[in-house]
Amino acid sequence: MPPPRALTETGDPFLLTPGPLTTSRGVKAAMLHDWGSRDPGFIALNRAVLAALPAVVHAGTSHLAVPMQGSGTFAVEAMLTSFIPRAGKALLLVNGAYGERARRILEIAGRAHLVLATAEDTPPDAGALAAALAADPAITHVFAVHCETTSGILNPLAELAAVTAAAGRALLVDAMSAFGALPLDARTTRFQALAASSNKCLEGVPGLGFVLCERAALAAAAGNATTLSLDLADQARALEATGQYRFTPPTHVIAALHQALAEFAAEGGQEGRGARYRANCARLIEGMGALGFRPLLPAALQAPIIVTFHMPADPAFEFPRFYEALAARGFLIYPGKLTVAPSFRIGCIGRVGLAEMDAFLAAAAAVLGELGVRLAPARAA
Ligand SMILES: *Cc1c(COP(=O)(O)O)cnc(C)c1O
């Protein structure tokens with residue numbers, strides 16, 4: 001007999017991953033229409049989506065949301081190559097794969113850069129950033145990742161922003177996995193631009209990135225871009241002039257994001273969503289600990305987005321079998337991406353709550369039994 005299988009209301013497994021995520025029925029239903037990209041109805045819907053995004057981080061008066069078709073990386077690449085001028089130089093704070101991806105983007109774009117790296121379980125240090133900025137007056141921009149999804153670590157964005165502003169440099173932020181869930185206030189944490197996407201904590205479907213752009217800096221960014229399609233200044237100019245995208249927009253994705261933003265507001269915005277994810281994360285770490293799994297990060301560094309667990313040493317624990325058996329029970333988890341330690345990851349974001357976390361923990365306990373794995377309960381970090 002197959003094991004009992006948890007399924008979403010549309011009969012799919014739960015995605016305990018960093019995105020794409022489990023979405024609500026309402027978000028999926030919003031895609032049951034075809035929209036003409038030049039139709040006034042779609043233009044109004046798109047305008048409403050773009051108007052709602054800056055407010056999530058209190059940036060309604062300071063920043064403009066410029067959308068970018070594609071996955072989150074398209075938005076990050078658009079941000080880096082649109083804001084860093086040809087004569088500019090970036091300092092990249094790297095403690096995981098997404099910081100490393102930014103380095104690769106600048107390498108390809110031929111933009112001068114240097115890297116200040118820390119280990120994947122270590123946040124960037126504000127003092128080291130201040131020293132690096134003092135030592136190199138050629139640096140124009142600092143790049144930081146808010147939550148480094150590689151490990152799930154919370155980087156100290158407010159501190160890094162304060163140091164960057166004090167040194168008179170501009171901050172560019174990859175907030176992909178944090179936007180909408182972690183607190184951020186643009187009135188006190190200064191950034192020139194910040195990139196995020198439709199399919200993480202906003203609980204939309206994948207296909208649209210966006211960049212919140214300081215208005216004056218966006219105007220000054222004209223002519224910087226290294227590509228036509230990723231030029232944020234040009235994208236913003238066209239949208240402002242006509243309400244239309246330069247190239248085909250993902251109409252269904254934008255309609256779904258419109259619905260996702262309504263559900264986000266109904267949940268109490270960032271505070272409500274953040275509280276649900278924090279509760280999910282605490283339950284997950286507690287329950288996995290009772291089963292004998294140790295998280296990589298101490299509680300103070302753990303963002304409530306995705307949790308990295310050490311791979312257990314028991315030779316009976318084979319990750320592919322663990323993964324497959326959980327999938328058979330209706331839960332998709334995520335392999336590790338760390339270089340510091342063998343690990344795997346479990347997301348606590350998307351349209352899931354404590355009931356799903358408890359069902360997952362029961363499934364994990366059953367799978368350990370099935371595999372004949374016996375772990376000693378882990379002590380709290
Ligand atoms: C998900 C994510 C991205 C974008 O990844 P895509 O696969 O291009 O959507 C970028 N940065 C961080 C920190 C992320 O978590």
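None of these values were measured; they are calculated from a predicted model. Quick note: numbers below take in every heavy atom, side chains included, and nothing from hydrogens, waters or symmetry partners. Numbering of ligands and ligand atoms starts at 1, following listing order.
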Starting from [atom], what is the nearest protein heavy atom, named by residue and atom, and what distance separates them?
| atom | value |
| --- | --- |
| atom 9 (O) of ligand 1 | Gly72 N, 3.0 Å |
| atom 11 (N) of ligand 1 | Asp174 OD2, 2.6 Å |
| atom 2 (C) of ligand 1 | Lys200 NZ, 2.4 Å |

Taking everything shown except Arg190 itself, do over 12 heavy atoms lie less than 6.0 Å from its CZ?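 Open: at most 12 neighbouring heavy atoms sit under 6.0 Å from CZ of Arg190.
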
Above 12 or not: heavy atoms from other molecules or residues under 6.0 Å from CD of Glu107?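 Correct, the count exceeds 12.
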
Please could you name the atoms of ligand 1 that [X] approaches to less than 4.0 Å, counting only its heavy atoms?
| X | value |
| --- | --- |
| Thr73 | 4 (C), 5 (O), 6 (P), 8 (O) |
| Cys147 | 13 (C) |
| Arg101 | 5 (O), 8 (O) |
| Ser177 | 15 (O) |
| Met176 | 1 (C), 2 (C), 3 (C), 4 (C), 10 (C), 11 (N), 12 (C), 14 (C) |

Gly209 near ligand 1, heavy-atom distance under 4.0 Å?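 Outside the 4.0 Å threshold, so no.
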
Taking only non-hydrogen atoms of His146, do any sit less than 4.0 angstrom from ligand 1?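 The answer is no: ligand 1 sits nowhere under 4.0 Å from a heavy atom of His146.
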
Is it true that the side chains of Gln259 and Glu203 contain a donor and an acceptor less than 3.5 Å apart?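 Distance-only check fails for Gln259 and Glu203.
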
May I ask you to check whether Arg111 and Thr81 show a side-chain donor-acceptor distance below 3.5 Å?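 No, Thr81 and Arg111 have no side-chain donor paired with an acceptor closer than 3.5 Å.
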
Can you name the closest pair of heavy atoms from Leu301 and Pro123 and give their distance?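 Nearest pair, atom of Leu301 first, then Pro123: CD2-CG, 3.6 Å.
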
Counting N and O atoms only, with roles assigned by atom type, does the side chain of Arg278 sit under 3.5 Å from a partner on the main chain of Ala303, one being a donor and the other an acceptor?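 Absent.
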
Is it the side chain, the backbone, both or neither of Glu148 that has a heavy atom closer than 4.0 Å to ligand 1?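 None of Glu148 does.
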
Heavy atoms only, cut-off 4.0 Å: how does Ser197 contact ligand 1, side chain, backbone, both, or neither?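 None of Ser197 does.
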
Taking the ring centre of each residue, are Phe331 and Tyr323 less than 6.0 Å apart?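 Ring centres of Tyr323 and Phe331 not closer than 6.0 Å.
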
Before giving the answer on side chain to side chain donor-acceptor pair (under 3.5 Å), spell out for Thr73 and Arg101 the whole-Å C-alpha distance, their side-chain angles and the decisive distance to 0.1 Å. CA-CA 8 Å; Thr73 302; Arg101 188 175 296 175; 2.7 Å; yes

Which option, Ile305, Thr149, Asn155, owns the non-hydrogen atom nearest atom 13 (C) of ligand 1?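 Residue with the shortest heavy-atom distance to the ligand atom: Thr149.
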
Pair Arg374 + Asp314: basic N to acidic O under 4.0 Å: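 No, no charged N to carboxylate O under 4.0 Å.
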
